[in-house]
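This report refers to the structure that appears directly beneath it.
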Amino acid sequence: MENYILERKCRICSGENLQLVLDLGNQPPANSLLEKTQINEGELKFPLRLYWCSDCFLVQLLDIVSKEHLFQHYLYMTSASKPIVSHFEKYAKSVFDQFLKNSNNPLVIEIGSNDGSLLGEFKKLGVQILGIEPASNLAKLSNDLNIDTLNEFFSLDIAKQITESRTPSVIVANNVIGHIENLHNIMEGIKVLIGKTGVFIFEVPYLIDLIKNLEFDTIYHEHLSYFSLLPLNNLIEQFGLEIFDVQKQDVHGGSIRVFVSVENNFQINDSVKKMINDEHEFGLEKIDVYKIFSVKIGELKKDLKQVLVDLKKEGKSIFGYGAPAKGNVLLNYCDIDNSILEFIIDTTPIKQGKFTPGTHIPIVSPSNIMKKGVGGTALLLAWNYEREILEKEKESRNNGGKFVIPIPSPVIK
Ligand code: TYD
Ligand code: ZN
């Protein structure tokens, strides 16, 4: 098939001992929203299966949809979600205080800079910035906002070009390392950017949170790797680099922020050893954890569908709240289509007016729907923002509005 390959080797250790642990069926890419005219044209669907490497313990996809197909025009926009914007504000401030404030005219480079939200926060702190972003729509948007951005996929070549004239103090990558197919090439590039004293800081969703909270819908073709510290350590050591700190972060369903530099540049924080120990105790090195996870996902699918069907039988109308990529995985895997959800509201302007892939549900602006007095039942597809959204919709909930929270097991609130 065009745009698709099936990989046979582990992305970190090149081993071939890969066990299938979860099969989510054939799915369209989760961010491929449709225009109205495309609904009847037929969609490309690709297998969505999760594998575990029993040598280095990386959990990963081997069904690879080409990155050109997935990322050249990208609909995910960081700035559409207010909680992420405030996360970035704090993030930039803490990196500045720890690594930049005593440097002379420091430069921060971001890999996968999206719409420039995080770099914008660094800019406010008086730091020089450079973004690298493959999606042309987002790179253009960033440059229009004076966030200097190269419209490229990051690679060793790009790193070499940059360091001919500039040396970054800090390189950040948020929620992108898991999207990258050739991790070795990227790490070579990062090693060049780090030089002797630079720091690489990245955030990725954390595998233990994914497993504990049954966040199966965060598994989609864009996300090739599902990280824990065990395989990350293996990868980073292959390049003479070292993880010197790790912090848990309460974003994207539970993430880790990892700090990397060349060996012996920083004292290693106890947090690193502790997290590796926790992973060992949780059982990430044995297949049982993954088998139990898979069985629970099958049960969740049945339970969620049943809750929605029962609500429908009671005559309730149900809509979706938020149209994140993960929502499309959940809808497609659980067979929830436009006969169950009438529409989905989302604050992202470029998503409005489009339709969900596979399930063909219209996405509309929240402005007319969530106004005072509207009740109804909402399936919370953007469950990672549960706290903020339930607070924001207090008024509607006081008027009888209900939310179905889909994971880790369906609950009505
Ligand atoms: P997000 O969970 O950040 O991303 P992903 O696509 O990686 O799964 O997406 C959240 C979506 O929810 C995004 O499209 C914006 C939308 N949203 C709302 O519509 N209203 C809100 O109040 C919030 C917080 C998000
Ligand atoms: Zn491996």
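Order of appearance sets the numbers: ligands from 1, and atoms from 1 within every ligand.
Vertex the Zn ion (ligand 2); arms to Cys13 SG and Cys53 SG; angle rounded to 10 degrees, 100°.
Counting only heavy atoms of the protein, atom 16 (C) of ligand 1 lies nearest to Asp346 OD2, 3.2 Å. The protein heavy-atom contact nearest to atom 7 (O) of ligand 1 is Tyr220 OH, 3.2 Å. For atom 18 (C) of ligand 1, the closest heavy atom belonging to the protein is Thr347 OG1, 3.3 Å. Here the heavy atom of the protein found nearest to atom 4 (O) of ligand 1 is Tyr76 CE1, 3.3 Å. In terms of protein heavy-atom proximity, atom 25 (C) of ligand 1 is closest to Ser81 OG, 3.8 Å. Protein heavy atom closest to atom 9 (O) of ligand 1, with residue, atom name and distance, is Pro324 CB, 3.4 Å. Remark: minimum distance from atom 23 (C) of ligand 1 to any protein heavy atom is reached at Ile389 CD1, 4.0 Å.
The minimum heavy-atom distance linking Glu35 with Phe355 is given by the pair C-CD1, 4.3 Å.
Ring geometry, Phe88 versus Tyr91: the interplanar angle falls from 30° to 60°, so the pair is classed tilted. Under the 30°/60° scheme for interplanar angles, the aromatic rings of Phe46 and Tyr4 are found to lie parallel. Between His223 and His179, the ring planes are perpendicular. Angles over 60° get that label, and only those under 30° would be called parallel. Using a 30° and 60° split on the angle between ring planes, Phe99 and Phe266 fall in the perpendicular class, above 60°.
Considering Glu388, Glu391, Lys392, His252 only, the shortest heavy-atom separation from atom 21 (C) of ligand 1 involves Lys392. Selection from His223, Lys326, Lys351 by nearest heavy atom to atom 1 (P) of ligand 1 gives Lys326.
Lys274 and Asn269 share no donor-acceptor pair across their side chains, judged by distance under 3.5 Å alone. Counting only N and O atoms by type, the side chains of Ser136 and Asn151 include no donor and acceptor under 3.5 Å apart.
Those atoms of ligand 1 with a heavy atom of Thr348 less than 4.0 angstrom away are 13 (C), 14 (O), 15 (C). Interface of Ala382 with ligand 1, defined as ligand atoms under 4.0 Å from a residue heavy atom, comprises 12 (O). Close contacts of ligand 1 with Tyr385, meaning ligand atoms under 4.0 Å from a residue heavy atom, involve 2 (O), 3 (O), 10 (C), 24 (C).
Close N/O approach between Ala325 and ligand 1 is found [any backbone or side-chain N/O within under 3.5 Å]. Considering backbone and side-chain atoms alike, Asn31 places every N or O at 3.5 Å or more from each N or O of ligand 1.
Here Ser169 contributes atom OG and Leu100 contributes atom CG; the two are 6.0 Å apart, rounded to the nearest 0.5 Å.
At a heavy-atom distance under 4.0 Å, no atom of Ile84 approaches ligand 1.
With respect to Lys140, the side chain to side chain donor-acceptor pair (under 3.5 Å) criterion is satisfied by exactly one of Asp144, Asn137, Asn143: Asp144.
For the pair Asp278 and Lys273, the salt-bridge criterion is not met [side-chain N within less than 4.0 Å of a carboxylate O].
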